[in-house]
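Notes for the one structure printed next.
Every chain is numbered from 1, with letters handed out A, B, ... down the list of sequences.
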Number of protein chains: 2
Amino acid sequence: MDIKQTYSISELAKEFDVTTRSIRFYEDQELLRPTRRGQTRIFSSKDRVRLKLILRGKRMGFSLAETKELFDLWDETLSGNEKQLLKMLTILENKRAQLEQQKNDIAQAEMEMDTAEARCREALAELQKKKKQQAPANEEARQTAEH
Amino acid sequence: MDIKQTYSISELAKEFDVTTRSIRFYEDQELLRPTRRGQTRIFSSKDRVRLKLILRGKRMGFSLAETKELFDLWDETLSGNEKQLLKMLTILENKRAQLEQQKNDIAQAEMEMDTAEARCREALAELQKKKKQQAPANEEARQTAEH
DNA sequence: AAACTACTTTACGTTTACGTAAACTTTATC
DNA sequence: GATAAAGTTTACGTAAACGTAAAGTAGTTT
């Protein structure tokens with residue numbers, strides 16, 4: 001059980017820091033399926049979870065269409081005929097491969113950032129040296145002070 | 001040293017599986033800066049590296065604008081005044097935070113895929129049971145036949 | 001020389017994911 | 001009961017990242 005069972009559009013907007021426009025758009029694209037009281041939307045905690053997934057998907061570079069596909073597929077899967085289940089399993093495999101690729105990309109990026117940072121620090125050190133040469137005053141104060 | 005110093009547009013297109021249109025677009029957006037012989041483009045190995053970075057950026061959900069920003073910043077950084085260097089260091093920190101977020105997202109996604117897969121397999125097992133009950137005929141033939 | 005191939009520029013078209021404005025209804029508050 | 005606050009629909013606008021002709025050039029092969 002979640003804390004709450006239903007949410008208004010602005011509650012969700014605030015919680016996840018998106019505009020209500022976006023949320024309505026997601027509904028329009030059938031990624032969310034709020035019910036109505038009168039004409040105001042009422043979101044279930046299932047919708048809330050889905051919104052969370054949508055946003056994470058976006059951060060991971062997935063389009064709304066891709067995310068919707070996954071949602072639909074999962075719904076079909078739950079209705080549980082064998083073909084759907086097997087299809088879902090293979091799709092999960094594909095997604096896993098995608099995640100592996102992303103992990104590689106991230107690792108690469110981290111390595112390159114390491115060397116980039118190192119170069120920055122070297123360049124800074126060079127600049128410090130030059131400064132010292134230009135202003136050859138207080139020589140050894142800092143070295144002894146650190147640790 | 002790389003194998004080659006220069007590349008034609010179609011060589012790069014083939015190697016990285018993008019259209020020449022995309023490459024020209026990246027040049028138009030000033031992410032690549034090929035030189036010319038007559039009017040045909042000649043890409044350096046630096047351009048090649050940049051193209052690789054562009055594509056990885058895309059896989060990681062970065063826009064071309066973001067990637068361009070990084071390129072420009074790095075170029076400025078190389079010209080090496082202190083302010084730029086410090087700015088670059090803080091930007092690197094931010095990017096690292098972004099990567100952490102992405103790693104979290106991936107880890108979450110993996111966990112959810114684990115449970116999704118488990119559910120699929122359970123459901124399949126259920127179906128197998130039902131099948132057996134519906135057709136309780138040739139009971140032990142297969143078991144002995146296999147292997 | 002004709003044809004083919006690879007490359008070029010120019011430019012309009014398309015999809016995605018919303019932003020933004022206009023005009024209206026419903027609910028809460030003074 | 002007026003006014004504000006939050007919600008709604010409708011609809012046009014926009015930025016990003018190319019796709020897709022159209023029409024021309026430059027070098028190469030037959």
| Nearest-angstrom distance from the residue atom CZ of Phe62(A) to P of dA17(C) | 13 Å

| query | Whole-Å distance between dC18(C) C1' and Tyr26(A) OH? | reply | 8 Å

| Geometric cation-pi criterion Lys68(A) and Phe62(A), 6.0 Å radius, 45° cone | no

| request: Tell me which nucleotide among dA6(C), dC18(C), dA17(D) gets nearest to the side chain of Arg21(A). | output: dC18(C)

| said: Counting only side-chain nitrogens and oxygens, does Ser10(B) get under 4.0 Å of the OP1 or OP2 atom of dC7(C)? | reply: yes

| query | What's the closest nucleotide to the Thr19(B) side chain, out of dA17(C), dG7(D), dG19(D)? | reply | dG19(D)

| Expressed in angstrom and rounded to an integer, what is the separation of Ile23(B) atom CD1 from dA6(C) atom C1'? | 14 Å

| said: Classify Arg36(B) by what it touches in the nucleic acid, base, sugar-phosphate, or nothing, heavy-atom distance under 4.0 Å. | reply: sugar-phosphate

| task | Provide, to the nearest angstrom, the distance between the CZ atom belonging to Phe25(A) and the P atom belonging to dT8(D). | result | 17 Å

| Are any of Ser8(B)'s side-chain N or O atoms less than 4.0 Å away from OP1 or OP2 of dC7(C)? | yes

| Between Ile9(A) and Lys58(B), who's closer to the 5' end of DNA chain D by nearest nucleotide? | Ile9(A)

| said: From C-beta outward on Arg41(A), which listed nucleotide comes closest to its side chain: dA17(C), dT8(D), dC18(D)? | reply: dT8(D)

| In whole angstrom, what separates Leu32(A)'s CG from dA17(C)'s C1'? | 14 Å

| query | Rounded to whole angstrom units, what separation is found between the CG atom of Asp28(B) and the P atom of dG19(D)? | reply | 14 Å

| Contact class for Thr20(A) (heavy atom, under 4.0 Å): base, sugar-phosphate, or nothing? | nothing

| request: State whether the distance check finds a donor on one side and an acceptor on the other, under 3.5 Å, for side chain Arg24(A) versus base dT9(D). | output: no

| field | Integer-rounded Å distance: dT27(C) C1' and Gln39(A) CD | value | 12 Å

| Non-hydrogen side-chain atoms of Arg41(A) and Arg24(A) separated by less than 4.5 Å | yes

| message | For a quick test of reading the model: is some side-chain N or O of Thr40(A) closer than 4.0 Å to OP1 or OP2 of dT25(C)? | response | no

| task | Quick one: do Arg33(B) and Phe71(B) satisfy side chain to side chain contact (heavy atoms under 4.5 Å, CB included)? Show the steps, please. | result | CA-CA 12 Å; Arg33(B) 300 187 184 282; Phe71(B) 285 175; over 6 Å; no

| Backbone N/O of Arg48(A) and side chain of Ser45(A): donor-acceptor pair under 3.5 Å | no

| request: Could you tell me whether Glu117(B) and Arg121(B) make a salt bridge, using a distance below 4.0 angstrom between a side-chain N and a carboxylate O? | output: yes

| said: Output the rounded distance in Å from CD1 (Ile42(B)) to P (dC7(C)). | reply: 12 Å

